[in-house]
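Since the structure comes first, as structure tokens, the remarks are kept for the end.
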Amino acid sequence: MLSRDLVDSLFPPDLPGPQHWERRYPPRGLPEGAEVTRFSPSPTGFLHIGGVYTAMIDKDIAHHSGGRYLVRVEDTDQARVTAGAAEQFAEAFGYFGIGPDKDHATGGYGPYTQSAREQVYLSYVRELLRQGKAYLDFETQQEAGERTARQRAAGALPGYYGQWAVWRDAPQQRVAEQLAAGRPYAVRFRSPGLAGRRVSFTDAIRGELTMEDNRNDAVILKRSDTRPRLPTYHFAHAVDDHLMRVTLVIRGEEWISSVPLHLQLFAALGFPPIRYAHIAPLMKQAGGSRRKLSKRHDPEASVSFYIAHGYPAPAVEYYLRGLANGRLAEMPLPQALAEPIRLSEMGTAGPLADLVKLDDICADYVATLSGRTILADVTAWARRYDPDLARVLDAEPDLALRALAIEREGVANPRKDLRKWADFRNVYGYFFPEFFQLVTDPADPRFGGLDPDLVRAVAAEFAGNYQPTAEDWFGQIRRLAAELGFAPSGKAYKQDPAAYPGSIVEASAVIRVLLTGARDSPGLPAVAAALGPGEVLRRVGALRLRVSLPGEDHRPHAVDGLGPGPGQQRLRGLRAVLAGLRNPCRDEPRDQRRGERRPAPPGHPIEVPPRAGVRRLGALVPPLRERVDQSLAGREDVHPRPVVAEPCPALPVGAEGAHADRPGIGGRPERAPR
RNA sequence: GGCCCCGUCGUCUAGAGGCCUAGGACGCCGCCCUCUCAAGGCGGUAACGCCGGUUCGAAUCCGGUCGGGGCUACCA
């Protein structure tokens with residue numbers, strides 16, 4: 001045992017003793033049964049979702065018992081502290097509502113950052129040293145490595161104990177020499193553990209646990225050449241949780257094996273033992289087996305994943321609570337959030353984090369929200385993670401609200417098409433002209449291989465007779481489909497596929513694709529109403545007729561697939577197209593970005609204006625290319641390049657709407673798989 | 001290697017010796033509804049890791065084994 005003078009010479013003379021801290025952090029005087037819990041993350045990067053899980057349990061237990069919840073930052077390993085971690089923590093705490101109780105954010109039993117508590121730890125280390133319950137260890141890192149190697153070779157337990165603990169009982173003389181030589185030292189705990197002795201404790205979740213006692217003289221204060229002088233986790237845990245008057249330590253099961261050490265530390269320090277609850281870690285399916293969800297390998301392990309995708313916090317919380325207590329998973333969300341979590345009901349096997357299930361919960365949750373609430377949340381999310389979206393939503397809140405109201409407001413089973421805010425752009429983006437890319441190719445695969453000719457016919461027919469406010473809106477499509485020879489129902493088509501080009505399903509798919517860019521969408525009448533007649537006609541009329549001239553551009557075009565020989569009507573259509581080609585005004589394409597007119601450069605597609613007679617362009621002649629060739633023979637004003645005819649069906653003047661000239665940016669991406 | 005924790009459908013789980021032919025939820029599959037997709041309705045698929053023991057009787061108790069995870073740091 002070292003002399004008191006020698007021990008004291010190692011510490012600042014004005015360092016207070018343990019009584020000082022005991023007075024400074026007095027017992028709380030909380031009523032019987034009130035639990036004080038703490039969440040203690042280490043600021044080594046983004047918070048782990050398991051941290052949110054633990055913190056949520058901590059907070060819930062504290063509050064439901066009338067106790068207190070605090071957050072203590074465990075940054076005793078300064079080398080691993082990440083810049084910006086504090087900000088990320090703050091964001092995560094705010095998002096998931098797991099910040100410390102108000103009076104435990106500052107002051108009170110703080111500071112709540114371990115690197116700021118050096119004095120406290122030093123007091124207790126000195127005390128242990130004075131009592132001979134700890135000692136100085138001058139082993140270098142290299143020596144430690146060699147020791148471990150020898151232990152391994154000898155088949156002995158690694159660690160600092162027994163014959164391997166060379167500094168445990170070193171005479172004061174030698175210690176003084178080392179000190180005089182300026183050698184750095186660590187402080188080790190003199191473990192009272194005996195070989196063969198077993199200890200047991202009662203875990204609040206697992207019941208009684210028994211294991212070998214600790215015999216390792218664990219380091220409690222890191223090397224003297226580090227600044228600030230900080231303790232290891234074990235020592236900080238004992239000192240902090242005692243002084244902060246924590247009653248229940250909830251932590252990951254990886255700490256179970258350290259409990260014997262912790263119990264020894266509490267006893268040596270003269271602290272009453274503390275209760276523990278070791279929770280199973282969140283796991284991840286990896287191939288055939290499962291492993292702990294790892295922040296390094298699994299993006300979904302990080303809270304940033306949930307925040308950046310805009311998972312609604314209450315849904316995530318609900319999911320996590322259900323994992324903690326199965327009972328809560330079968331309750332409606334508001335009730336489950338209010339019910340207390342019970343440690344005794346927690347599973348001991350690590351649950352697999354199931355993103356599919358989370359999605360399902362999120363969809364259910366979002367379905368309970370009003371369009372207005374969703375818009376507010378999406379907008380708030382977008383401001384940070386999708387500025388383009390935020391801008392568009394700010395510019396057209398009414399459109400957004402109309403879109404969100406579809407099959408959501410005033411229905412018994414709201415549409416469950418949104419799981420997280422990042423889904424919004426995929427699911428509702430097409431409503432916004434800025435995000436919608438017009439479908440111009442009648443041979444577009446989204447039409448499902450339907451004859452391009454027919455696609456054009458459907459579009460033209462629809463646009464030509466469009467009645468936006470028709471009571472039987474869908475009847476318009478039904479009539480047009482019948483007129484063009486589509487089967488009245490999928491069933492009828494299946495019975496005799498040869499008799500029809502397709503069914504009403506295919507016909508409406510044409511309008512659906514034109515309107516939404518996808519083969520699936522909410523009900524067409526509702527979509528059309530939200531869009532407004534001008535936008536509907538703009539989209540339906542976007543289909544182009546492409547013609548290649550000889551020697552040019554042989555990519556497959558709609559024209560290539562035209563059916564059998566010309567009839568009267570088809571020839572009339574052709575003439576109309578050609579008439580359009582001579583329209584001097586339209587021969588000068590508009591510069592889309594500036595809205596200016598300028599002469600068409602050689603090879604520029606020539607637009608064909610809408611003409612009343614071209615309603616049924618879908619019925620154009622098959623050898624169209626040939627006819628065009630003939631008609632253009634000898635003309636010098638038309639360049640032998642692909643000609644693009646755009647048969648906009650008769651539009652009411654001004655019906656093109658305000659967005660007609662806006663370039664589309666980006667199409668409608670595929671929906672995320674469920 | 002040593003010590004510790006854990007093991008029921010794909011997933012989360014209910015299950016305290018007979019109420020278990022193992023229940024629910026999510027997923028998945030099928031059907032219905034239907035202009036598509038969701039949603040919804042109906043139905044289906046699917047598990048006690050394995051081997052012994054105790055017992056009239058075992059998912060449940062015991063032993064072993066196998067598998068998964070953790071600790072074995074001057075990381076937390």
Side-chain angles (χ1 to χ4, degrees), chain A residues 40-44 74-77 79-80 114 137 139 141 144 148 151-152 155-160 184-188 198 203 206 209-212 214 216 218-226 230-234 236-237 251-260 278 280-281 283 285 288-292 319 322-323 325-327 329-330 347-361 363-364 367 407-408 411-418 427 448 474 477-478 481 489-490 503-509 511-513 516 518-525 671 674:
Chain A
S40 48
S42 66
T44 53
E74 312 241 311
D75 61 344
T76 52
D77 189 358
R80 297 209 314 160
Q114 291 182 329
D137 166 29
E139 183 181 58
Q141 250 183 328
T148 309
Q151 289 174 324
R152 201 177 297 277
L157 246 67
Y160 207 79
Y185 62 89
V187 177
R188 280 188 187 271
R198 296 180 64 78
D203 185 279
R206 294 158 199 264
L209 259 24
T210 304
M211 64 198 91
E212 277 180 17
N214 172 62
N216 184 36
V219 168
I220 54 175
L221 220 220
K222 299 183 186 190
R223 280 168 78 94
S224 54
D225 53 358
T226 58
L230 290 174
T232 57
Y233 168 85
H234 306 104
H237 152 56
R251 50 162 38 169
E253 69 173 17
E254 67 271 20
W255 292 109
I256 292 178
S257 5
S258 304
V259 170
H278 290 98
M283 309 290 280
Q285 186 79 256
S289 68
R290 46 174 63 188
R291 57 156 218 268
K292 211 166 139 183
Y319 174 60
L323 247 28
N325 277 184
R327 175 177 51 98
E330 315 222 342
T348 47
L352 220 51
D354 184 355
L355 253 23
V356 175
K357 172 93 178 185
L358 211 213
D359 272 352
D360 189 79
I361 290 171
D364 280 345
E407 290 172 33
R408 180 183 313 278
V411 296
N413 295 309
R415 203 174 170 76
K416 295 185 182 173
D417 52 3
L418 284 178
V427 181
F474 203 82
I477 293 180
R478 218 174 288 125
S489 72
S503 73
I504 178 86
V505 172
E506 282 71 35
S508 28
I511 303 301
R512 189 183 310 283
V513 167
T516 71
R519 284 186 70 85
D520 47 73
S521 77
L524 243 20
R671 291 186 177 197
R674 290 215 58 190

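Numbers restart at 1 for each chain; the letters A, B, ... are given by sequence-line order, proteins then strands.
In this entry the distance linking CE of A/Met283 with C1' of B/C12 reads 14 Å, nearest Å. Put simply, CG on A/Leu323 is 16 Å from C1' on B/A14, counting in whole angstrom units. Between A/Asp203 atom CG and B/G70 atom P there is a gap of 18 Å when expressed in whole angstrom units. What separates CG of A/Asp359 from C1' of B/C28 is a distance of 16 Å, to the nearest Å. Atoms CG (A/Asp354) and P (B/A25) sit 16 Å apart, rounded to a whole Å. Counting to the nearest Å, the P atom of B/G70 and the CZ atom of A/Arg251 are 17 Å from each other. Rounded to whole angstrom, the span from the CG atom of A/Asp520 across to the C1' atom of B/U34 amounts to 14 Å. Taking atom CG of A/Asp360 as the reference point, atom P of B/A38 lies 14 Å away to the nearest angstrom.
B/G18 and B/G57 are spaced 14 Å apart, taking the P atom of each and rounding to whole Å. The separation of B/U45 from B/A25, taken at their P atoms, amounts to 15 Å, rounded to a whole angstrom. To the nearest whole angstrom, the two P atoms, one in B/G43 and one in B/G24, are 11 Å apart. Taking atom C1' in both B/G30 and B/C71, one finds a spacing of 49 Å when rounded to whole Å. Separating the C1' atom of B/C62 from that of B/A46 is a span of 30 Å, rounded to the nearest Å. Only the C1' atoms considered, B/U65 is 33 Å distant from B/A73, to the nearest whole Å. Here the separation of B/C12 from B/G27, taken at their P atoms, is 15 Å to the nearest Å. If you take atom P in B/G63 and the same atom in B/C3, they sit 16 Å apart, rounded to whole Å.
A/Ile477 places a side-chain heavy atom less than 4.5 Å from the side chain of A/Ile504. Contact annotation: the side chain of A/Thr76 approaches that of A/Pro231 to within less than 4.5 Å [non-hydrogen atoms, C-beta and beyond]. Between A/Pro260 and A/Glu212, the closest side-chain pair of non-hydrogen atoms is not below 4.5 Å. Residues A/Ile256 and A/Arg206 meet the side-chain proximity criterion, which asks for heavy atoms closer than 4.5 Å. Put simply, the side chain of A/Gln114 does not reach to within 4.5 Å of the side chain of A/Tyr233, judged on heavy atoms.
Side chains of A/His278 and A/Arg251: a donor on one and an acceptor on the other come within 3.5 Å. Defined by atom type and a distance below 3.5 Å, a donor-acceptor pair is missing between the side-chain atoms of A/Arg80 and A/Thr44.
Within the cation-pi definition used here (under 6.0 Å to the ring centroid, within 45° of the axis), A/Arg223 does not qualify as a partner of A/Tyr185.
Residue A/Lys416 has a polar side-chain atom (N or O) positioned under 4.0 Å from OP1 or OP2 of B/G40. Between B/C4 and A/Arg198, a contact under 4.0 Å exists linking OP1 or OP2 to a side-chain N or O.
With a cut-off of 3.5 Å on both pairing distances, B/G57 has no Watson-Crick or G-U wobble partner at all. Remark: B/C28 base-pairs with B/G44; criterion is Watson-Crick or G-U wobble with both hydrogen-bond distances under 3.5 Å. Nucleotide B/C35: unpaired (no Watson-Crick or G-U wobble partner with both distances less than 3.5 Å). Across all strands shown, the partner of B/C71 is B/G2, judged by Watson-Crick or G-U wobble contacts whose two distances both fall under 3.5 Å. In a base pair of the Watson-Crick type (N1 to N3 plus N6-O4 or O6-N4) or a G-U wobble (N1-O2 and O6-N3), with each distance short of 3.5 Å, B/G49 is matched with B/U65.
Counting non-hydrogen atoms under 4.0 angstrom, A/Ile477 reaches nothing in the nucleic acid. Contact annotation for A/Arg206: backbone-only contact, meaning every heavy-atom pair under 4.0 Å involves sugar-phosphate atoms and none involves a base. Heavy atoms of A/Pro260 sit nowhere under 4.0 angstrom from any nucleic acid atom. No contact: A/Glu506 has no heavy atom under 4.0 Å from any strand.
Looking only at distances, a side-chain donor or acceptor of A/Asn216 sits under 3.5 Å from a matching main-chain atom of A/Tyr160. Put simply, the side chain of A/Glu506 gets close to the backbone of A/Ser503: a donor and an acceptor are under 3.5 Å apart. Looking at A/Thr232, its side chain does come within 3.5 Å of a backbone N or O of A/Val219 through a donor-acceptor pair.
Residue side chain A/Arg512 does not reach the base of B/C37 through any donor-acceptor N/O pair under 3.5 Å, judged by distance alone. In this model, a side-chain donor or acceptor of A/Glu330 finds a partner on the base of B/G24 within 3.5 Å.
Considering only side-chain atoms of A/Met211, the nucleotide from B/C4, B/U36, B/G27 that sits closest is B/C4. Nearest to the side-chain atoms of A/Lys357 among the listed nucleotides B/C26, B/G69, B/C5 stands B/C26.
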Extract from the structure each pairing of a protein N or O with an N or O of nucleotides 44-48 of chain B at less than 3.5 Å, listing the distance.
none

Table of protein N/O atoms under 3.5 Å from nucleotides 72-76 of chain B N/O atoms:
from, atom 1, to, atom 2, distance (Å)
B/C74, O2, A/Arg223, N, 2.7
B/C74, N4, A/Glu139, O, 3.0
B/C75, OP2, A/Lys222, NZ, 2.5
B/C75, O2', A/Asp77, OD2, 3.2
B/C75, O2', A/Arg80, NE, 3.2
B/C75, O2', A/Arg80, NH2, 3.1
B/A76, OP1, A/Thr76, OG1, 2.2
B/A76, OP1, A/Asp77, N, 3.4
B/A76, OP1, A/Lys222, NZ, 3.0
B/A76, OP2, A/Tyr233, N, 3.2
B/A76, O3', A/Glu74, OE1, 3.0

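Shown here are the side-chain contact (heavy atoms from CB on, under 4.5 Å) partners of A/Ala156, two or more places apart in sequence or in another chain: A/Gln151, A/Tyr161, A/Trp164.
Each of A/Ser257 and A/Thr210 was matched to the nucleotide of RNA chain B holding its nearest heavy atom; the match closer to the 5' end belongs to A/Thr210. Taking the nucleotide of RNA chain B with the nearest heavy atom to each of A/Lys292 and A/Ala353, the more 5' of the two is matched to A/Ala353.
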